[in-house]
Amino acid sequence: MERVEQLFNALWQDYTQRLCPSAEQVHALLTEDEPLLNDHIALRTFNLPKVGLDKLAAPFIAIGYKPCGQYRFEAKKLYAEHFEHPNPAAPKVFISELMVGQCSAQLQQAVRELVNQAPEAAFHDPSFLYGGRLWDIDSETYEMLAAESEYAGWVAAHGFGANHFTVRINQLEQFTEVRDVNHFLRHNGFAINESGGEVKGDPEVMLEQSSTMADKVAVGFLDGVKHIPGGFYEFAKRYPQADGELYGGFVEASADKIFESTN
């Protein structure tokens, strides 16, 4: 587990410093006697050979993770997989990729030009997972990509890093319901993602989720700095299956709405 902890600590540092500074405050508000359990993180990329889902999964597979589920988001043109470690204390990993070939010719060309700038050697070290952007981009290209696909704009602007971490609220004593966590965070000044309802999922699908709306963070472009949506914090409640084990997968309809936390 040491290598797992090292990787997630590095991902957390990048996430809280660059993508979602407010996560530190949320973390402090919800922490009780025991350290918070991180249910899962999510990573985003493009489905091009140099930077595809497999490239992001490789460092996790090298430390014992295995693929456990596949998901498709037709309207958003996304494909995703989730990975789990044999040690149940290790967070799950949810990796999605934009199906670039299903997008406009203009988007395809722009994304390929960005990805072509990324040095091949960068992917030989797991640190690329929290290393940010491996290409230069101007704000006009970002705006064009974001207008067609908010997801494409996000990856183009931020590069690689955890899009979100997730508090598993099953462990909390002061809150047993996702809705109560939302109410508490609203009371403390946080905006909650209400796309598809403030709580996504229900006991029938064995998973309930909610999230804050993404922080606005400063990003440097070739022509200056812009404040754009970065990362967000998610909250998940898992329900027991027939065998008593907590459900371990993800629900496409719910995840689809969680993506909109950065919109």
By the salt bridge (Lys or Arg N to Asp or Glu O under 4.0 Å) test, which pairs, at least two apart or in different chains, include something from residues 113-135? K55-E120
For the residue pair Q13 and R18, establish whether any side-chain heavy-atom pair is separated by less than 4.5 Å. no
Shortest non-hydrogen pair, F73 vs A80, comes out as CE1-CB, 4.0 Å
I'd like to know if the side chain of T16 reaches the main chain of E24, judged simply by a donor and an acceptor atom lying under 3.5 Å from each other, with no hydrogens or angles considered. no
When rounded to the nearest 0.5 angstrom, what distance separates CG in L53 from CD in E97? 4.5 Å
Any link between L98 and I137 through a network of hydrophobic side chains (Ile, Leu, Val, Met, Phe, Trp, Tyr) touching at under 4.5 Å? yes
Contact check, side chains of S22 and F190, non-hydrogen atoms, under 4.5 Å: yes
Examine distances only and state if a side-chain atom of Q171 and a backbone atom of P35 form a donor-acceptor pair shorter than 3.5 Å. yes
Between D223 (side chain only) and S139 (backbone N and O only), is there a donor and an acceptor less than 3.5 Å apart? yes
Ion pair check, K77 and E148, cut-off under 4.0 Å: no
Parallel, tilted or perpendicular, judged at 30° and 60°: which one describes the rings of F259 and F94? tilted
Carefully, step by step, assess L19 and H158 under the rule side chain to side chain contact (heavy atoms under 4.5 Å, CB included). CA-CA 8 Å; L19 293 166; H158 296 294; 3.5 Å; yes
Residues, nucleotides or ligands: over 12 heavy atoms within 6.0 Å of Q109 CD: no
Quick one: sort the Y71 and F250 rings into parallel, tilted or perpendicular, breaks at 30° and 60°. perpendicular
When the aromatic ring centroids of W154 and Y151 are compared, is their separation below 6.0 Å? no
Please check if the side chain of N193 supplies one atom and the backbone of K257 the other of a donor-acceptor pair under 3.5 Å. yes
Just wondering, do D14 and F160 contact through their side chains at under 4.5 Å, heavy atoms? no
Donor-acceptor contact below 3.5 Å, side chain N38 vs main chain V167: no
Does any N or O in the side chain of D256 come within less than 3.5 Å of the main-chain N or O of E252, such that one atom is a donor and the other an acceptor? no
May I ask whether L114 and F123 are part of the same hydrophobic cluster, defined by side-chain heavy atoms of I, L, V, M, F, W, Y residues being less than 4.5 angstrom apart, directly or through others? yes
For V4 and H85, run side chain to side chain contact (heavy atoms under 4.5 Å, CB included): C-alpha distance rounded to whole Å, both residues' side-chain angles, the deciding distance at 0.1 Å, then the answer. CA-CA 9 Å; V4 173; H85 194 273; 3.7 Å; yes
Using the rule that two of Ile, Leu, Val, Met, Phe, Trp, Tyr join whenever any of their side-chain heavy atoms come within less than 4.5 Å, decide whether L37 and L11 are in one cluster. no
If we ignore hydrogens and angles and just use 3.5 Å, is the side chain of S195 paired with the main-chain N or O of E260 as donor and acceptor? no
May I ask you to decide if the ring planes of H187 and H183 are parallel, tilted or perpendicular, using 30° and 60° as cut-offs? parallel
Can you tell me if CG on D33 sees more than 12 non-hydrogen neighbours from other groups inside 6.0 Å? no
S211-E234 side chain donor-acceptor pair, cut-off 3.5 Å: no
So, F175 versus F184, ring centres under 6.0 angstrom or not? yes
Rounded to the nearest 0.5 Å, how far apart are CG of L36 and CD of E32? 7.5 Å
Are N163 and F232 packed together at the side-chain level, in the sense that at least one heavy-atom pair is separated by less than 4.5 angstrom? yes
Under a 3.5 Å distance rule, please check whether K200 uses its side chain to pair with a backbone N or O of G197 as donor and acceptor. yes
Spacing of NZ belonging to K237 relative to CE belonging to M206, to within rounding of 0.5 Å: 14.0 Å
Shortest non-hydrogen separation from R44 to V155 and the atoms involved: CB-CG2, 3.6 Å
Side-chain heavy-atom pair V219, V225 within 4.5 angstrom cut-off: no
Salt bridge or not for E194 and R186, using N-O below 4.0 Å? yes
Derivation and outcome, side-chain hydrogen bond (donor to acceptor under 3.5 Å, both in side chains), residues Q241 and E245: CA-CA 6 Å; Q241 304 172 107; E245 294 289 316; over 6 Å; no
So, Y239 and E204: side-chain donor and acceptor under 3.5 Å apart, yes or no? no
Assess the residue pair Q209 and F235 against the criterion (side chain to side chain contact (heavy atoms under 4.5 Å, CB included)); give the C-alpha distance rounded to whole Å, side-chain angles, the decisive distance to 0.1 Å, and a yes or no. CA-CA 6 Å; Q209 297 163 271; F235 316 98; over 6 Å; no
Looking at T45, L48, L134, which one forms a side chain to side chain contact (heavy atoms under 4.5 Å, CB included) with V115? L48
Output field: ring centroids F60/Y65 closer than 6.0 Å: yes
Result block: side-chain N/O donor-acceptor pairs under 3.5 angstrom for residues 140-147, not counting sequence neighbours:
unit_1 : atom_1 : unit_2 : atom_2 : d
T141   : OG1    : D138   : OD1    : 2.8
E143   : OE2    : K226   : NZ     : 3.0

Can you name the closest pair of heavy atoms from A122 and F128 and give their distance? O-CB, 3.4 Å
Around atom CD of Q106, are there more than 12 heavy atoms of other residues, nucleotides or ligands at under 6.0 Å? no
In terms of hydrophobic clustering (I, L, V, M, F, W, Y; side-chain heavy atoms under 4.5 Å; direct or indirect links), are L56 and L78 co-clustered? yes
Side chains of Y233 and H27: is there a donor and an acceptor less than 3.5 Å apart? yes
Test item: R238 side-chain N/O and Y247 main-chain N/O as donor-acceptor pair under 3.5 Å: yes
Is any side-chain heavy atom of L7 less than 4.5 Å from a side-chain heavy atom of I63? yes
With a 4.5 Å cut-off on side-chain heavy atoms, are L129 and L43 touching? yes
Does any non-hydrogen side-chain atom of K216 lie less than 4.5 Å from one of P229? yes
Tell me yes or no: between the side chains of E198 and N182, is some donor less than 3.5 Å from an acceptor? yes
Taking atom CG of D202 and atom OG of S254, what is their separation to the nearest 0.5 Å? 7.5 Å
